[in-house]
Amino acid sequence: MSALKNVPTNSWLMEGLEDSGRAAEEYDGADSTSGTESPGTVPHGLCPSRPGPRKKLVLHIDLNNTILVSDTVTGQGPAAALDYFLSTVTWGKMSKQGRWEWLSDSTSLLPPCDNAVSYYSQFGRTAGFTSGAGKRFRGILDEHLNLFRWPVGTKADRELSVKGEGGQLYHWILPSFFQLLKDLTQEGREFAVVFRTFGSDLPRVLSAVSRALNEGAHPLFPDLPDLKLNVNMTPGKIHCSKGGVVLSRGEERHSSRDGDRGLYQYLSSVQGLGGFQDHFEWWASNTFSIRGGKPLWVDPFDQHVEHIFIDDNIRQNDEDTIVDPKVFLDPGGAETRTASTSELYDITLVQNDLLRAISQPSYFTQRVHICLENYERNLQQGAA
């Protein structure tokens with residue numbers, strides 16, 4: 001990869017990006033609302049096949065509308081949170097007469113055509129979307145609410161279940177997240193999970209996950225204690241400013257003023273599961289753009305660790321996205337550049353599809369495999 005040092009102004013991952021993006025789209029297949037693909041299988045060609053030791057994975061995972069279908073920041077329950085999500089993945093345009101026209105009856109993370117905008121982008125957060133302008137998508141809402149109901153006949157759990165708007169019990173943490181932990185462990189991968197959220201749910205998530213992993217409290221995954229995964233119960237914080245980034249957890253404190261390399265090494269060394277509350281005010285003050293997003297350090301020269309970020313607000317519009325990816329320019333160096341989201345999309349950045357996270361038990365595992373394959377392919381082509 002030494003050849004990459006000579007092109008710091010270009011993306012180290014742009015080589016082959018078009019092919020890798022096409023492969024991801026081909027995998028995604030039919031309508032994202034149906035989840036018709038077999039949830040117990042991984043599509044052919046997505047599993048890493050290279051011999052030798054595997055890299056450690058550090059998975060940065062958002063909470064609300066990624067593994068939680070609720071939002072304490074906005075006070076939304078499961079139905080309202082899913083209703084809002086649908087407004088972000090349904091597409092239309094304003095007519096010359098100033099009326100909204102739908103361009104697709106299907107949901108998708110990406111616009112179906114060049115002139116399409118999501119309903120949310122046009123009108124903002126709209127309460128009761130599927131009861132009004134988006135009523136054609138009401139069936140999708142009802143179908144997916146039914147898919148993550150708490151098992152019938154199972155007693156409510158104070159942390160793992162949540163009561164919805166109509167009194168119905170739902171999974172608070174999507175089962176596909178726990179399936180990811182099982183799958184990666186069964187693959188023999190070394191990995192860590194870092195929850196990254198702007199909200200206040202982190203302590204409760206850490207507590208709930210700890211009970212599931214240590215006490216076998218989850219009704220669908222009673223064998224999780226067999227995974228032997230540890231949970232760091234101390235929530236951390238990430239504070240951003242013009243002066244840099246400060247990461248703290250308990251007595252630990254790391255600052256980008258000492259160089260970005262130290263922060264990268266710290267996050268690469270974490271074990272088990274833990275989390276940090278990111279700096280929402282900084283994102284808001286930067287107009288919700290990449291400039292104020294959750295920081296992620298990426299080292300394409302690292303042979304031992306790979307970082308992947310999964311968040312529903314990752315978008316290929318740098319003026320409306322939630323992660324600030326900082327790519328190192330040299331092996332072992334301290335200098336970074338901010339990469340565009342499109343450079344790293346489905347490589348180290350995953351825009352979460354909440355509908356599939358609900359309907360496909362192996363969704364997160366499949367997305368990780370896609371990133372691993374695309375990451376390796378782009379490194380090889382970039383070094384050629």
Say whether E343 and S340, considering side chains only, have a donor N or O and an acceptor N or O under 3.5 Å apart.
yes
Do the non-hydrogen side-chain atoms of V245 and S255 ever get within less than 4.5 Å of each other?
no
Exercise: identify the closest heavy-atom pair between Q351 and D312
CG-O, 3.9 Å
Any donor-acceptor pair under 3.5 Å linking the side-chain atoms of Y345 with those of R315?
no
C113 versus L103: any side-chain heavy-atom pair under 4.5 Å?
yes
Flag yes if more than 12 heavy atoms outside Q97 fall under 6.0 Å of its CD atom; otherwise flag no.
yes
Taking NZ, NE, NH1 and NH2 as the nitrogens, is one of them in E143 or R138 under 4.0 Å from a carboxylate oxygen of the other?
no
Does one side chain, of E281 or H239, offer a donor that lies under 3.5 Å from an acceptor on the other?
no
Ring geometry between F137 and W102 (parallel below 30°, tilted from 30 to 60°, perpendicular above 60°)
perpendicular
Within the supplied structure, the quantity of interest is the number of heavy atoms (other residues, nucleotides, ligands) at a distance under 6.0 Å from R257 CZ; does it exceed 12?
no
Determine whether I314 and W282 fall in the same hydrophobic cluster, where Ile, Leu, Val, Met, Phe, Trp and Tyr are linked whenever their side-chain heavy atoms lie under 4.5 Å apart.
no
Indicate whether the side chain of D83 and that of T130 have a donor and an acceptor atom separated by less than 3.5 Å.
yes
Determine whether more than 12 heavy atoms belonging to other residues, nucleotides or ligands lie under 6.0 Å from atom CD of Q122.
yes
If hydrophobic clusters are built by linking Ile, Leu, Val, Met, Phe, Trp and Tyr wherever their side-chain heavy atoms come under 4.5 Å apart, do M233 and L229 end up in the same one?
yes
For D311, is there an ion pair with R196 - N to carboxylate O distance below 4.0 angstrom?
no
What I'd like to find out is whether the side chain of T197 reaches to under 4.5 Å of the side chain of D278, using heavy atoms alone.
no
Taking all atoms of both residues into account, what is the closest heavy-atom pair of F195 and V209, and its distance?
CZ-CG2, 4.2 Å
Taking D299 first and then R261, would you say they form a salt bridge - that is, a charged N and a carboxylate O separated by under 4.0 Å?
yes
Ring pair (Phe, Tyr, Trp, His ring centres under 6.0 Å) for W150 and Y170? Distances and angles first, verdict last.
CA-CA 4 Å; W150 191 248; Y170 297 95; over 10 Å; no
For residues Y363 and I358, determine if any side-chain heavy atom of one lies less than 4.5 Å from a side-chain heavy atom of the other.
no
Examine the side chains of H307 and S268 and answer whether a donor and an acceptor come within less than 3.5 Å of each other.
yes
List the steps and the verdict of salt bridge (charged side-chain N to carboxylate O under 4.0 Å, His left out) for R367 and D353.
CA-CA 10 Å; R367 301 316 300 181; D353 186 333; over 6 Å; no
Do V350 and F309 touch side chain to side chain, with heavy atoms closer than 4.5 Å?
no
Would you tell me whether S289 and E319 have side-chain atoms, one donor and one acceptor, within less than 3.5 Å of each other?
no
Are more than 12 heavy atoms, taken from residues, nucleotides or ligands other than D226, located less than 6.0 Å from that residue's CG atom?
yes
Could you tell me whether Y84 and F129 have their ring centroids closer than 6.0 angstrom?
no
K55/D302 ion pair, N-O < 4.0 Å:
no
Side chain to side chain donor-acceptor pair (under 3.5 Å) evaluation trace for H369 with E187:
CA-CA 11 Å; H369 284 163; E187 290 174 14; 2.8 Å; yes
Can you confirm if the aromatic rings of F364 and F177 lie within a centre distance of less than 6.0 Å?
no
Are H60 and V323 side-chain neighbours, meaning at least one heavy-atom pair lies under 4.5 Å?
no
Passes ring pair (Phe, Tyr, Trp, His ring centres under 6.0 Å), H171 versus F148? Steps please.
CA-CA 6 Å; H171 289 280; F148 71 101; 7.6 Å; no
Kindly list each side-chain donor-acceptor pair under 3.5 angstrom involving residues 212-224, sequence neighbours excluded, with atom names and distances?
unit_1	atom_1	unit_2	atom_2	d
N214	ND2	S210	O	3.2
N214	ND2	S210	OG	3.0
H218	ND1	L220	N	3.1
D223	OD2	K182	NZ	3.3

So that I can tick it off, tell me whether E306 and K56 are bridged by a salt bridge, with the cut-off set at under 4.0 angstrom between side-chain N and carboxylate O.
no
Looking at side-chain heavy atoms only, is the closest gap between Q277 and P203 below 4.5 Å?
no
Does NZ or CZ of K294 lie under 6.0 Å from the centre of the six-membered ring of F198, at an angle within 45° of the ring axis?
yes
Can you find a pair of side-chain heavy atoms, one from T126 and one from F123, that are under 4.5 Å apart?
yes
Just do the side chain to side chain contact (heavy atoms under 4.5 Å, CB included) check on S108 and W91 with the steps written out, would you?
CA-CA 8 Å; S108 62; W91 304 88; 3.2 Å; yes
Electrostatic pair D157-R211, nearest N-O below 4.0 angstrom
yes
Between K326 and D324, does any NZ, NE, NH1 or NH2 come within less than 4.0 Å of an OD or OE carboxylate oxygen?
yes
Tell me whether I290 shares a hydrophobic cluster with V298, the cluster being built from Ile, Leu, Val, Met, Phe, Trp, Tyr side chains joined at under 4.5 Å.
no
